[in-house]
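So you know, we letter chains A, B, ... as the sequences are listed, proteins then strands, and number each from 1.
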Amino acid sequence: MSTITVKVEFGGGLELLFGNKRVHSISLPSFVPADNTIAPSSPPNSETPLLAESDDPPLPANGPIPDPMKGLGEMKAKPLDVQYLMHYLRSRLLTERPELFMDGDTVRPGVLVLINDTDWELEGEGTYEISDGDEIVFISTLHGG
Amino acid sequence: MDESDEDPKTGLRTPENPSSLRLHDRSHLDHTVLVMAPMSCALCQNAKAILKRPKTGQQICKECFFFVFETEVHNTIIQAHLFEPGDRVAIGASGGKDSTVLAYVMKTLNERYNYGLELFLLSIDEGITGYRDDSLETVKRNQQQYNMPLKILSYEELYGWTMDAIVAEIGKKNNCTFCGVFRRQALDRGASALEVDHIVTGHNADDIAETVLMNIMRGDIARLGRCTQICTRGEDTIKRSKPFKYAYEKEIVMYAYFKKLDYFSTECIYSPDAYRGHARTFLKDLEAARPSAIIDIIHSGEAFELREDIKATQKQQQTCKRCGYMSSNDLCKACTLLEGLERGMAGSVITDRARKKLDAMGPAPDNLRTIPHFQSPRPAVSIQSPSQES
């Protein structure tokens with residue numbers, strides 16, 4: 001499986017939800033579960049069927065991840081997109097108050113997203129398929145003026 | 001460039017302006033196309049679009065975005081006749097996104113269009129350790145970057161209480177009431193000290209729409225009438241205005257991002273204004289469904305007309321018997337709150353009913369702290385347009 005590396009940046013106070021770190025380099029597989037399922041990061045005793053065949057050790061939040069499609073059988077796959085990235089960020093990197101980052105399958109209203117310095121509303125929002133080297137910026141507009 | 005596209009009013013008057021309706025509808029049709037191919041700018045037809053304008057649905061490039069954003073603020077200023085050449089104008093600067101972008105844009109426009117304004121930064125230090133002290137560092141950097149004189153006025157200096165001390169006394173509940181009332185007066189008094197004619201604040205379209213919703217939900221018709229005014233007259237004829245009245249928060253943040261402006265974005269460490277928070281969440285949900293909702297709500301707020309017989313029942317503006325600040329009661333809100341703090345009954349001054357209870361405890365002691373008043377050298381004229389915290 002091939003891996004895609006994406007630079008993720010948080011701003012406008014959103015970085016506070018991600019360990020107060022603004023810039024993250026994330027590596028993800030090029031194909032991911034279509035339902036955005038994220039494997040838990042500490043799987044040793046996990047009963048999640050996703051990881052039933054996995055002997056991989058627990059992973060650092062920012063490290064490379066195993067093929068999430070592994071063991072999924074006939075579950076549907078999709079090319080890595082921003083929606084999957086957001087679910088991944090929420091499950092693996094977010095340290096507090098997840099409701100301030102996401103609402104359902106998208107960002108919370110009031111969070112701006114830029115894909116390679118372009119408003120994500122011009123790039124298909126969550127359906128944008130990520131290429132290697134892309135830069136995705138999340139900025140909260142919700143903090144004081 | 002299409003003439004109607006250039007018109008900064010496009011989209012502002014969505015219900016009456018057929019061209020903006022057309023633009024809005026077109027943007028929906030374009031959406032499927034967008035996903036397929038990078039769009040070129042709807043204004044210059046040349047560079048790659050980087051932003052979808054929430055107001056109009058137009059897709060525009062970075063340079064056109066800077067130009068239309070600045071030009072719309074300029075047109076807002078010109079149409080409302082906010083300034084006269086030679087005016088001394090204080091920019092209420094918190095170090096946050098709105099006031100940082102405002103300082104930058106005011107400086108840019110003042111130079112580009114020769115407004116002839118003398119610009120100052122005015123910051124209020126509420127005395128919140130770990131929050132305001134950090135954001136004031138941002139303002140101090142802005143002072144250098146924009147080469148503007150900076151005045152910092154503290155709650156401690158004015159009221160003898162920092163917000164840290166107030167929260168230690170009253171807890172986190174209701175502390176935003178104190179902070180809001182104290183900040184407004186502090187800005188006016190700081191402006192008097194700077195001898196400015198005008199205070200501009202970074203209130204944006206989202207803030208104003210939020211306030212309209214809050215005033216409707218609270219049934220506060222007096223404030224509903226005032227909160228959409230672009231310019232109100234404060235203490236000692238100092239005008240207060242909101243050049244970003246029609247600027248969307250999304251565009252302000254995008255502007256700051258693309259211009260790489262230095263701003264501070266930490267949430268206040270004391271509990272946020274819960275009521276405003278609800279209005280904000282609701283407004284953001286509305287915006288997600290229909291971006292023009294924000295400007296539509298402002299227009300609805302502007303269109304509200306109070307019946308004359310109701311207007312007559314509204315409280316008249318007078319001056320505070322203790323500090324001389326304009327007030328709709330014998331004592332202004334800041335003096336009332338301060339008295340509660342000084343007498344150890346801060347919790348009881350939030351409502352009128354509690355205020356009566358406080359009065360029943362006996363008259364205020366004579367040695368009560370008076371909020372210092374900076375005399376403006378200009379003679380005070382009668383206050384025409386009552387103005388309070390929106």
Side-chain angles (χ1 to χ4, degrees), chain A residues 7-23 78-79 81-83 95-97 99-131 134-145, chain B residues 27 30-32 34-36 38-39 48-54 57 59-62 65 92 94-102 131 135 201-204 206-207 244 248-254 256-258 263-268 272 277 280-289 291:
Chain A
K7 183 182 150 196
V8 174
E9 191 178 330
F10 298 105
L14 214 49
E15 66 278 10
L16 299 172
L17 309 184
F18 293 88
N20 209 4
K21 195 175 159 207
R22 291 185 78 95
V23 182
K78 65 174 179 180
D81 61 12
V82 171
Q83 195 178 71
T95 52
E96 54 182 297
R97 294 182 289 175
E99 72 282 1
L100 295 186
F101 177 54
M102 281 179 79
D103 183 3
D105 271 340
T106 188
V107 285
R108 182 190 182 199
V111 173
L112 303 181
V113 188
L114 291 115
I115 297 168
N116 298 323
D117 267 358
T118 296
D119 187 354
W120 81 330
E121 290 182 46
L122 301 180
E123 299 284 356
E125 304 191 6
T127 64
Y128 173 83
E129 291 176 12
I130 299 176
S131 304
D134 278 351
E135 293 185 12
I136 319 256
V137 180
F138 297 90
I139 308 175
S140 171
T141 63
L142 303 175
H143 294 295
Chain B
S27 78
D30 281 351
H31 195 75
T32 45
L34 281 180
V35 183
M36 306 300 170
M39 285 289 298
K48 177 181 179 285
I50 50 93
L51 174 82
K52 183 171 175 186
R53 299 201 73 192
Q59 295 131 30
I60 57 177
C61 73
K62 199 190 286 187
F65 168 54
S94 66
K97 57 184 169 36
D98 300 306
S99 59
T100 301
V101 174
L102 181 64
Y131 170 68
S135 62
T201 56
H203 291 101
N204 59 43
D206 298 54
D207 295 330
F244 283 171
Y248 270 56
E249 189 161 66
K250 173 180 173 181
E251 296 197 354
I252 292 171
V253 173
M254 287 291 199
Y257 176 80
F258 287 121
Y263 72 90
F264 179 82
S265 54
T266 302
E267 202 172 355
C268 177
R280 189 182 179 89
T281 306
F282 178 59
L283 184 73
K284 285 288 158 195
D285 286 342
L286 287 179
E287 184 191 15

- Task: To the nearest 0.5 angstrom, please state how far the CZ atom of B:F258 sits from the CG atom of A:D117.
- Result: 5.5 Å

- Message: Any non-hydrogen side-chain atom of B:M39 less than 4.5 Å from a side-chain atom of A:L122?
- Response: no

- Going from OG1 on A:T141 to NZ on B:K97, what distance comes out if it is rounded to the nearest 0.5 angstrom? 6.0 Å

- Note on the structure: CG (A:L14) and OG (B:S265) are apart, to the nearest 0.5 Å, by 9.5 Å

- Residue part contacting chain A, namely of B:T281, when any heavy atom lies under 4.5 Å: side chain

- Task: Return the set of residues passing salt bridge (charged side-chain N to carboxylate O under 4.0 Å, His left out) with A:D103 (not counting sequence neighbours), or none when no residue passes.
- Result: none

- Tell me, please, which residues at least two apart from B:K284 pass salt bridge (charged side-chain N to carboxylate O under 4.0 Å, His left out). B:D206, B:E249, B:E287

- Are there more than 12 heavy atoms of other residues, nucleotides or ligands under 6.0 Å from atom OH of B:Y257? yes

- Item | Side-chain heavy atoms of A:D119 within contact of B:Q59, under 4.5 Å | no

- Separation between CG (A:L112) and CD (B:E251), nearest 0.5 Å, reads 10.5 Å

- Task: Can you see which heavy atom on A:P109 is nearest to which on B:D285, and at what distance?
- Result: CG-OD1, 3.2 Å

- Task: Check each atom of A:I115 against the heavy atoms of chain B and say whether the ones under 4.5 Å are side chain, backbone, both or neither.
- Result: neither

